[in-house]
Amino acid sequence: KDYGPTFRNGAFINILPPLYLFSSPSKMQAIQLEAKGGPAVFITDRPLPTLPSDCLLVKTIAVGLNPHELLDIDAPWSISDAGDLLGCDYAGIVEEVGSAVTRNFNKGDRVCGCTRPNPLQPDWGTFAEYIIVVGDVQLHIPDEMSFEDAASLGVSVLTAGAVLVC
């Protein structure tokens with residue numbers, strides 16, 4: 001699979017070779033909430049998240065933006081707190097697979113889905129270079145789908161699935 005430089009919509013995407021060809025760094029950049037109720041966010045260096053056994057470590061390529069990200073920043077009832085990562089929809093490349101993941105994921109797979117930062121997992125936002133996601137509920141990205149299109153599926157697919165089940 002070629003993840004080389006691509007020119008799309010007036011911008012270069014994936015200018016660098018995929019990082020899974022190299023060893024993972026020990027730090028990453030992420031967008032986090034600076035203070036509850038604002039100022040909104042800032043970019044910071046953080047350590048890579050620790051991989052729970054039922055999760056995937058994913059290098060993000062594209063992320064989705066949903067209305068609730070704004071609510072996480074501004075709403076007085078938000079569960080997000082200072083230092084929490086933001087974001088829930090993503091598309092990226094698997095860097096590492098936890099030992100208890102039962103679905104067929106391998107390093108280098110193209111995946112998408114969602115996660116949700118919360119008081120128990122404040123590092124689980126997608127607005128970061130590397131993210132943790134529960135392995136058994138993520139999706140493989142078809143070869144013909146772009147990372148940008150795949151990043152829009154997470155919450156939408158979960159919402160549609162919840163409607164069908166209820």
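Proximity of a side-chain donor or acceptor of Arg46 to a complementary backbone N or O of Ala30 within less than 3.5 Å is not detected. With hydrogens and angles ignored, the 3.5 Å screen pairs no side-chain donor or acceptor of Asp89 with any backbone N or O of Val63.
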Inset, instruction - Would you please test Phe127 and Thr60 for side chain to side chain contact (heavy atoms under 4.5 Å, CB included) and show each step? - result: CA-CA 8 Å; Phe127 294 173; Thr60 55; over 6 Å; no
Legend entry - Audit row: Asp136, Val101, side chain to side chain contact (heavy atoms under 4.5 Å, CB included) steps and yes/no: CA-CA 6 Å; Asp136 291 341; Val101 174; 3.5 Å; yes
Legend entry - Trace of the side chain to side chain contact (heavy atoms under 4.5 Å, CB included) decision for Phe147 with Ile141: CA-CA 8 Å; Phe147 284 108; Ile141 302 174; 3.9 Å; yes
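Taking every heavy atom of both residues into account, Lys107 and Val97 meet most closely at N-CG2, 4.3 Å. When every heavy atom of Pro49 is checked against every heavy atom of Leu57, the shortest pair comes out as CG-CD1, 4.1 Å. In plain terms, the two heavy atoms of Ile131 and Ala128 that are nearest each other are CG2-O, 4.1 Å. The shortest non-hydrogen separation linking Ala91 to Ala151 is CB-N, 3.8 Å. The two residues Met28 and Leu48 come nearest to each other via the heavy atoms CB-CD1, 3.9 Å.
Counting heavy atoms from C-beta outward, Ile61 and Ile93 have side chains that approach closer than 4.5 Å. Considering only heavy atoms from C-beta on, Val58 stays 4.5 Å or farther from Tyr130 through its side chain. When side chains are defined from C-beta on, Leu153 counts as touching Met145, because their heavy atoms get closer than 4.5 Å. Residues Gln29 and Asp45 are in side-chain contact: their nearest non-hydrogen atoms beyond the backbone lie under 4.5 Å apart.
Leu51 CG to Leu56 CG: the interatomic distance, rounded to the nearest 0.5 Å, is 7.5 Å. Once rounded to the nearest 0.5 Å, the distance linking CD1 of Ile132 with CD of Glu95 reads 11.0 Å. The NE2 atom of His140 sits 5.5 Å away from the CG atom of Asn104 when rounded to the nearest 0.5 Å. Distance check: Glu148 CD to Cys112 SG gives 12.0 Å after rounding to the nearest 0.5 Å.
Sorted by first then second residue, the ring pair (Phe, Tyr, Trp, His ring centres under 6.0 Å) pairs that include residues 80-99, not counting sequence neighbours, number zero.
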